Amino acid sequence: MKKLQTILDKASTLVAAVLCAVMMCVLLANVILRYVPGIGGFKWYMEGGQYLNVFSMLLAGVGITVQRTHLHVELVDTIAEKNPALQKIHKVIISVFITLFYILMTYSGYILASKAKQAVSTMPQFKMGQVYMIFPIAGALCVLASVVNLIVELTEKPEEKKEEENK
């Protein structure tokens, strides 16, 4: 399971980085093409850049879920660290709520994508339903990452954790 965690983290980070790089290239090319007579830049650069940015951030959520670097309450973590049983219960509760959140995101994203039939104004080859499909895709990947993380947390022995922290 730790190997799957690593694969999910690296793959989501790579795809998110590529999407950000593509976004930057589109925006840079548009700035340059504005000054070329007869071309004037892309009409769709703004929406394309926004979509690529949102897609990359949603996919980065997979890595955040795998690494457990999401927002959390430091006081609760400090209290839970003092008792190994309480710490495990705390991590299970967090993982369950994160999983429930991503299940809700996946479901509601699917409903949104299936109901959105209108065309995108500056990108006529896409329907909004196609653009919104990133929500159920990213949500499902985050659910997978959260479940894998929960399994790793439940099966990890305290001595394995100490070895990993010392690396």
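In this text the structure is predicted, and so the values were computed from the model without any measurement.
- Linking Ile, Leu, Val, Met, Phe, Trp and Tyr residues whenever their side-chain heavy atoms come within less than 4.5 Å places Val131 and Ile137 in a single cluster.
- Nearest heavy atom pair, residue Gly63 against residue Ser12, reads N-OG, 3.3 Å.
- The number of heavy-atom neighbours closer than 6.0 Å to OH of Tyr51, taken from other residues, nucleotides and ligands shown, is above 12.
- Side-chain atoms of Trp44 and Glu47, non-hydrogen and from C-beta on, never get closer than 4.5 Å to each other.
- Rounding to the nearest 0.5 angstrom, the gap separating the OG atom in Ser56 from the CD1 atom in Ile134 is 9.5 Å.
- Residue Glu153 comes nearest to Lys88 through the heavy atom pair O-NZ, 3.2 Å, listed as atom of the first residue, atom of the second, then distance.
- Every residue two or more places apart in sequence or in another chain that forms a side chain to side chain donor-acceptor pair (under 3.5 Å) with Ser95 is listed here: Arg68.
- At a threshold of 4.5 Å between side-chain heavy atoms, the hydrophobic network of Ile, Leu, Val, Met, Phe, Trp and Tyr places Val18 and Leu58 in one connected group.
- Remark: side-chain polar atoms of Gln130 are paired, donor with acceptor, to backbone N or O of Lys127 under 3.5 angstrom.
- No continuous path of ILVMFWY side-chain contacts below 4.5 Å connects Phe101 to Tyr107, so the two sit in separate hydrophobic clusters.
- Shown are Val62, Leu100, Thr99, Ile103; of these, the side-chain contact (heavy atoms from CB on, under 4.5 Å) with Ser146 is made only by Thr99.
- Looking at Pro136 and Met105, their side chains never come closer than 4.5 Å, going by heavy atoms from C-beta outward.
- Rounding to the nearest 0.5 angstrom, the gap separating the CD1 atom in Ile64 from the CG atom in Leu59 is 11.0 Å.
- A distance of 11.5 Å separates CE in Met24 from CG in Leu52, rounded to the nearest 0.5 Å.
- Seen from the ring of Phe42, Arg34 does not count as a face-on cation partner, given the 6.0 Å and 45° thresholds.
- Residue Tyr102 holds its OH atom at 11.0 Å from CG of Leu141, rounded to the nearest 0.5 Å.
- The other members of the hydrophobic cluster of Leu86, by chain and number, are Val73, Leu75, Val76, Ile79 (side-chain heavy atoms under 4.5 Å, ILVMFWY only).
- Here the shortest heavy-atom pairing between Tyr132 and Ala116 reads CD1-CB, 3.6 Å.
- Shortest non-hydrogen contact noted between Met23 and Gly49 is SD-O, 3.3 Å.
- The structure places NZ of Lys2 at 6.0 Å from CD of Gln5, a figure rounded to the nearest 0.5 Å.
- Within the 4.5 Å cutoff, no side-chain heavy atoms of Gln50 are placed close to those of Val54.
- Without hydrogens or angle criteria, Thr69 side chain to Thr65 main chain gives no donor-acceptor distance under 3.5 Å.
- Among all heavy-atom pairs drawn from Gln87 and Ala80, the shortest one is CB-O, 3.3 Å.
- Closest heavy-atom contact between Gln67 and Asp9: NE2-OD2, 2.9 Å.
- Between Thr106 and Phe135, the closest side-chain pair of non-hydrogen atoms is not below 4.5 Å.
- When the side chains of ILVMFWY residues are joined at heavy-atom separations under 4.5 Å, either directly or via intervening members, Ile89 and Phe97 end up in a single hydrophobic cluster.
- Under the 4.5 Å side-chain contact rule for hydrophobic residues, Val66 and Leu14 share a cluster.
- Evaluated for a side-chain contact (heavy atoms from CB on, under 4.5 Å) with Leu154, the options Ile151, Val152, Leu150 yield exactly one hit, Leu150.
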